[in-house]
Amino acid sequence: MSENRERKRKEALEQIHRQKELRSGEAFRMPAVHPRYRAAYESIYQEDEERPHSTFFIRLMVSILLFAGFLNLDEETLPKTIPRRTEIIHEIQAPFDIPASLKQFDLSHIL
């Protein structure tokens, strides 16, 4: 009895499938299903089409190559407008003079 009911249910689902395909003109796409129920859902609705191929690894390789290229840039090949490492260190270590217009504000009690 349960086998007969199961068979009728599958036939009804296949008929609904065919009607949807005729109306939409495209193949059935499985909706988002919770992973716990995916196996049960796939046994009822078998998906024949292949998944689109991901371009993740191509993008990953391009980004790795670009990163390696930036790491290999020689300091001498940089344009003259970019400050050198030694210039940056010198500017950081240089003493800082407070302008006269700001010396009138005494903020020592805050610090």
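Just so it is clear, the values below take in all heavy atoms, side chains as well, and ignore hydrogens, waters and symmetry mates.
- Atom CD of Glu91 is separated from atom OG1 of Thr86 by 10.5 Å, given to the nearest 0.5 angstrom.
- Note that CG of Leu65 is 9.5 Å distant from CG of Leu60, once rounded to the nearest 0.5 Å.
- Here CZ of Arg5 is found 10.5 Å from CZ of Arg9. Values are rounded to the nearest 0.5 Å.
- When the side chains of ILVMFWY residues are joined at heavy-atom separations under 4.5 Å, either directly or via intervening members, Phe56 and Ile64 end up in a single hydrophobic cluster.
- Evaluated for a side-chain contact (heavy atoms from CB on, under 4.5 Å) with Glu6, the options Lys10, Glu3, Lys8 yield exactly one hit, Lys10.
- Of the inter-residue distances, the one linking Ile89 atom CD1 with Gln93 atom CD reads 6.5 Å to the nearest 0.5 angstrom.
- Between Glu11 and Arg7 a salt bridge is recorded (basic side-chain N to carboxylate O distance below 4.0 Å).
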